[in-house]
Amino acid sequence: MQPIEIFISYAREDELLMKELEKHLSNLKNQGIIRGWHNQQIPAGAKWAEQIDHYLESAQIILLLISPDFLASRKCYEVELRRAMERHKAKEVIVIPVLLRPVDWQGAPFSKLQALPQNEKPINTWENQDEAFQNVVTGIRYAITFPHSDVNEIVQEVRQKISRDIQKRCGTMRVLDMEQPITINSIYTTVNILEKLTGNRRRSIEQLLEGFNSEDFDRFSFGRIQQKRIPGLAAVQKHDKLLILGKPGAGKTTFLKWLALQCQAGHLYENRVPIFVTLKEFAETAGRPNLTKFIARQFTECGIEKAEVVTQILLEGRSLILLDGLDEVRAEDQNHILKTIQQTSRQFDGNQFVMTCRIAAKEYTFEKFTEVEVADFDTEQIADFAFKWFQHKDPTKATEFPKALGAHPGLQELATNPLLLTLLCLVYEEQAGFPANRAELYKEGLDVLLKKWDGKRNITRDVVYKQLSFNRKEDLLSQIAFNAFMRSEYFFKQRFVEMEIQDYIRNLPDANLDPEALQLDSEAVLKSIQAQHGLLVERARGIYSFSHLTFQEYFTARQIEKSDGDFTNIVCHIIEKRWREVFLLTVGMLRNADKLLLAMKQEIDSLLLKDEKLQQFLDSVAQKSCSAKALYKLNAVRAFYFEYALGFNRKQGYVLNREHSLACALDDAIAKLDRILSFDRRLYNLNHALDDDRALARVIVLSLARDSDLDRDFQQRLQRLKEEIPSVNNPEKYKQWWKTNGSTWTKQLRIIMLQHFNIGHDWQFTDVQKDLLQEYHNANRLLVACLSSDCYVSRKVREEIEATLLLPYNRSGSST
């Protein structure tokens with residue numbers, strides 16, 4: 001093959017840049033591929049015009065070195081450029097404009113030609129001009145290899161040949177304990193993107209806590225970012241170079257695979273070639289090839305023999321390059337990978353690049369890439385994912401799963417992470433529900449993030465502190481969670497976390513106790529936990545929290561479970577709503593929960609100890625329960641009357657239902673108490689009706705007077721009261737009678753009810769006493785919930801606690 005004749009047309013002011021280009025063309029010359037010529041090669045005594053005309057006419061490729069001086073030069077513009085374009089139109093030569101310096105060249109005769117560098121960025125504006133010249137040489141090599149090819153035909157041919165490979169590598173997913181792969185398209189749920197990274201926000205803890213009530217808050221919105229979310233596809237179409245960051249299991253790889261499938265199917269960038277690269281695989285390829293050669297190897301496996309095809313597609317900007325898992329690259333390979341990504345993205349700037357990385361693992365900046373963050377799933381995305389998961393396996397579960405999830409706020413919070421949502425779907429699919437002991441399920445979720453997720457994919461990450469095993473990481477996280485929770489902190493400053501880490505690692509064997517070394521180690525450990533496991537998240541600059549409140553509660557409970565069994569400092573929090581999940585998790589973790597449950601019971605009984613009136617109230621409830629003559633659990637009947645009296649004395653309609661009723665929690669057969677409960681509900685409604693609705697009061701009295709199950713004396717006394725009420729047929733007389741006699745009549749009825757049924761006391765509690773009773777009620781509900789959970793408690797302790805629930809202090813057993 002004869003060398004290709006190249007003619008270089010340039011202005012003399014650009015001579016230095018021309019010589020640099022000539023140096024970069026040396027390899028093509030040395031290989032005998034080209035033979036270059038420019039006017040400085042004219043020998044002494046030769047006629048310039050004749051020499052230029054000769055090489056201008058014989059050249060197969062003409063390079064136009066564009067600059068302000070080139071366009072201003074009569075020789076360059078009016079002679080060489082004019083003749084070059086004439087030959088180009090006649091298809092006698094390939095003309096390539098090379099942009100040396102910035103200049104307005106729009107509308108010039110060569111403006112419709114493909115210019116180099118490929119991104120049309122003038123060479124002298126590049127940070128690294130060697131890379132710019134390399135881009136130019138690559139373009140020239142491509143023009144030599146494919147002088148008159150139709151790139152559209154090549155793109156479609158490549159798309160067809162790689163179709164099966166894209167489907168094979170991107171079409172399915174198999175994570176955790178899936179028994180078989182599942183297709184991406186059947187499970188894919190739309191990914192949303194945050195255009196501003198959460199960790200870059202400059203917000204204070206007070207601002208993060210805005211609208212957050214630690215005693216009554218929406219767990220599902222914990223840590224929720226209040227910024228606009230856009231669809232992931234919109235972000236890809238908006239930015240030609242995108243770095244997608246996210247927590248472990250956020251769905252980054254799934255999204256990238258879905259993009260490849262959409263592109264290959266023609267739904268997205270139908271005129272581009274999807275190229276999916278697992279960066280870990282690329283980094284560990286023998287010989288450390290550059291990215292172009294690695295892609296060429298992939299193409300070869302698909303039957304595309306010419307390596308130059310990759311260059312051709314990249315030079316034309318006709319590819320969608322998907323780079324997955326930057327954080328999974330080993331430390332020893334990082335420099336090579338970072339360099340080749342930077343180089344390739346600059347050299348082939350016209351292509352679309354999308355890359356993924358864990359959010360805290362990124363310690364470097366890609367100048368041309370826009371960084372965005374994957375948003376957590378919202379309720380709609382969770383429901384959509386679950387529906388797709390179950391629709392073919394069990395359509396009933398497709399609708400039941402979101403409802404079951406909604407009944408467990410802690411689980412619903414975890415479901416905002418797609419990986420943990422997958423785990424929840426697997427558990428629900430196997431057990432047709434969630435386990436009673438949620439601590440075991442949370443532990444499984446933590447094992448996924450700490451060990452399984454990387455282990456299943458054979459990813460080994462660097463250990464920043466050699467003695468921090470997984471168990472010790474759990475111990476460290478438990479210490480951080482517990483100390484923050486004891487301080488009522490959900491968001492905490494980076495300094496707090498680092499100090500906790502220092503306190504922990506300084507006690508490890510062979511720890512470096514130098515303060516500066518400890519500080520550096522603590523920073524590295526924090527970044528490692530954040531990047532590798534996603535359990536700590538930077539919510540704003542220098543402010544952290546656990547990724548899910550559920551995990552902070554779990555680790556707090558784990559710290560309590562591993563304590564020496566002294567629960568004094570814990571049970572004092574039993575009336576605080578925020579501690580409810582911690583108590584429930586702790587009793588589920590303990591090998592034997594007797595000691596904690598007894599401590600909780602003693603703390604509850606002491607709540608009303610110092611108030612004699614409230615002790616009398618409890619005694620009254622106990623007496624009423626004993627007189628009810630019900631063949632059911634006495635504590636359940638006692639709970640009913642406690643709730644009944646509590647509701648009446650608070651002057652609010654108390655509704656006995658399974659969500660709020662302690663009685664129902666104590667006795668699943670509470671519906672069988674209808675004879676007692678139905679009657680006493682009518683009495684209760686009557687007490688309210690007397691104050692609010694005279695007509696309703698009359699109806700209830702008539703109903704009770706006809707009840708054959710009631711005591712005869714009570715019926716007779718009711719009948720006499722009924723006869724005092726005037727006929728409703730005379731509304732004015734009826735209304736006037738109530739105005740004059742209603743108060744006395746009501747008092748008489750309440751006396752009768754109190755005498756016959758020990759019901760209707762108006763205790764006249766103060767607001768403080770009402771609040772105490774409500775706290776006492778809630779604490780007992782928590783104790784019963786703990787007893788009803790999947791915890792181990794001895795029969796003796798269980799029976800003792802149940803038998804003494806809601807009794808006054810001197811009868812509850814707590815005094816002993």
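Treat the numbers as computed from the prediction; the structure is a model and nothing was measured.
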Query raised in the report: Would you find more than 12 non-hydrogen atoms of other residues, nucleotides or ligands less than 6.0 Å from E429 atom CD?
Result: yes
Query raised in the report: With a 4.5 Å limit on heavy-atom distance, are the side chains of L526 and Y544 in contact?
Result: yes
Query raised in the report: Under 6.0 Å from the CD atom of E380, do we count more than 12 heavy atoms belonging to anything else shown?
Result: no
Query raised in the report: Tell me, do I244 and V374 make a side-chain contact under 4.5 Å, heavy atoms counted?
Result: yes
Report task. Begin with the C-alpha distance, continue with both residues' side-chain angles, and end with the deciding distance and a verdict on side chain to side chain contact (heavy atoms under 4.5 Å, CB included) for I560 and L590. Result -> CA-CA 9 Å; I560 298 170; L590 289 168; over 6 Å; no
**Report entry** Note, L419 side chain near P248 side chain (heavy atom, < 4.5 Å)
**Finding:** no
Report summary line: Residue set satisfying salt bridge (Lys or Arg N to Asp or Glu O under 4.0 Å) with D790, at least two apart, ordered chain then number -> none
**Report entry** Minimum side-chain heavy-atom gap I801-V784 below 4.5 Å
**Finding:** no
Query - Flag, side chain of T356 to backbone of G325, donor-acceptor distance under 3.5 Å - result: yes
Query - Partners meeting side chain to side chain donor-acceptor pair (under 3.5 Å) with K247 (sequence neighbours left out) - result: D376
**Report entry** Interatomic distance, L411 atom CG to E413 atom CD [nearest 0.5 angstrom]
**Finding:** 9.5 Å
Query raised in the report: Sequence neighbours excluded, which residues qualify as ring-ring contact (aromatic ring centres under 6.0 Å, His included) partners of F551?
Result: H548
Report summary line: Nearest heavy-atom approach of D165 to C302 is CB-SG, 3.5 Å
Query raised in the report: If you measure from NE2 on H533 to CD on E474, what distance do you get to the nearest 0.5 Å?
Result: 9.5 Å
**Report entry** Those residues that, when tested against F482, pass ring-ring contact (aromatic ring centres under 6.0 Å, His included) (two or more places apart)
**Finding:** none
Query raised in the report: Partners of E281 by salt bridge (Lys or Arg N to Asp or Glu O under 4.0 Å), sequence neighbours excluded?
Result: none
Report task. Hey, could you give me the CD/CZ distance between E553 and R580, rounded to the nearest 0.5 Å? Result -> 11.0 Å
Requested in this report: Not counting sequence neighbours, which residues clear side chain to side chain donor-acceptor pair (under 3.5 Å) with T183? List them please.
Outcome: S186
Query raised in the report: After noting the C-alpha distance and the side-chain angles of L259 and F276, does the key distance pass the side chain to side chain contact (heavy atoms under 4.5 Å, CB included) rule?
Result: CA-CA 9 Å; L259 287 175; F276 187 91; over 6 Å; no
Report task. Check whether any side-chain heavy atom of K397 sits under 4.5 Å from a side-chain heavy atom of W389, and report yes or no. Result -> no
Query raised in the report: Among all residues two or more places apart in sequence or in another chain, which pass the salt bridge (Lys or Arg N to Asp or Glu O under 4.0 Å) test with K443?
Result: D447
Query - E373 side-chain N/O to T198 backbone N/O, donor-acceptor pair under 3.5 Å - result: yes
Solution key, residues 264-274 side-chain donor-acceptor pairs under 3.5 Å, sequence neighbours excluded:
residue	atom	partner	partner atom	Å
Q264	NE2	R159	O	2.6
Y269	OH	Q352	OE1	3.4

**Report entry** Closest non-hydrogen atom pair between D384 and T189, with its separation
**Finding:** OD2-CG2, 3.5 Å
Query raised in the report: So how far is it from L320 CG to L256 CG, rounded to the nearest 0.5 Å?
Result: 8.0 Å
Query raised in the report: Should we count CZ of R169 as having more than 12 external heavy atoms under 6.0 Å?
Result: yes
Query raised in the report: Hey, are the side chains of L446 and L535 touching, using non-hydrogen atoms and a 4.5 Å cut-off?
Result: yes
Requested in this report: Using distance alone, with no hydrogens and no angle criterion, decide if S789 and R438 have a side-chain donor and acceptor under 3.5 Å apart.
Outcome: no
Query - Within 6.0 Å of NZ in K393, more than 12 heavy atoms from elsewhere - result: yes
Query raised in the report: If you take all heavy atoms of V329 and A283, which pair is closest and at what distance?
Result: CG1-CB, 3.9 Å
Query raised in the report: Excluding sequence neighbours, so at least two apart, what forms side chain to side chain donor-acceptor pair (under 3.5 Å) with E799?
Result: none
Query raised in the report: Which pair of heavy atoms, one from G303 and one from K161, lies closest together, and at what distance?
Result: O-NZ, 3.6 Å
Query - Residue pair R539 / F546: nearest heavy atoms and the distance that separates them - result: NH2-O, 3.1 Å
Query raised in the report: Do T278 and D324 have side-chain N/O donor and acceptor atoms under 3.5 Å apart?
Result: no
Query raised in the report: If you look at every heavy atom in Y490 and S545, which pair is closest and at what distance?
Result: O-CB, 3.1 Å
Query raised in the report: Do the rings of F390 and F401 sit parallel, tilted or perpendicular, given the 30° and 60° boundaries?
Result: tilted
Query raised in the report: Are any non-hydrogen side-chain atoms of R578 and S488 less than 4.5 angstrom apart?
Result: yes
Requested in this report: Indicate the ring-plane relationship of Y188 and W258, choosing parallel, tilted or perpendicular according to the 30° and 60° boundaries.
Outcome: parallel
Query raised in the report: When you look at M600 and C786, which way does the side chain to side chain contact (heavy atoms under 4.5 Å, CB included) test go after all the steps?
Result: CA-CA 10 Å; M600 293 170 65; C786 289; 3.9 Å; yes
Requested in this report: Hey, could you give me the CD/CD1 distance between Q262 and I184, rounded to the nearest 0.5 Å?
Outcome: 11.0 Å
Query - Side-chain heavy atoms of L450 within contact of Q532, under 4.5 Å - result: no
Query - Ion pair check, R229 and D378, cut-off under 4.0 Å - result: yes
Query raised in the report: How far does CZ of F555 sit from CG of L476, to the nearest 0.5 angstrom?
Result: 9.5 Å
Requested in this report: Look at R798 together with D594 and state whether they make a salt bridge at an N to O cut-off of under 4.0 Å.
Outcome: no
Report task. Go through L783 and F583 one step at a time and tell me if the side chain to side chain contact (heavy atoms under 4.5 Å, CB included) criterion holds. Result -> CA-CA 9 Å; L783 180 59; F583 279 107; over 6 Å; no
Query raised in the report: How would you list, by chain and number, every residue that makes a ring-ring contact (aromatic ring centres under 6.0 Å, His included) with H573, sequence neighbours excluded?
Result: W579
**Report entry** Residues that N417 engages under side chain to side chain donor-acceptor pair (under 3.5 Å), provided they are two or more places apart
**Finding:** none
Requested in this report: Could you list the residues that satisfy salt bridge (Lys or Arg N to Asp or Glu O under 4.0 Å) with E802, not counting sequence neighbours?
Outcome: none
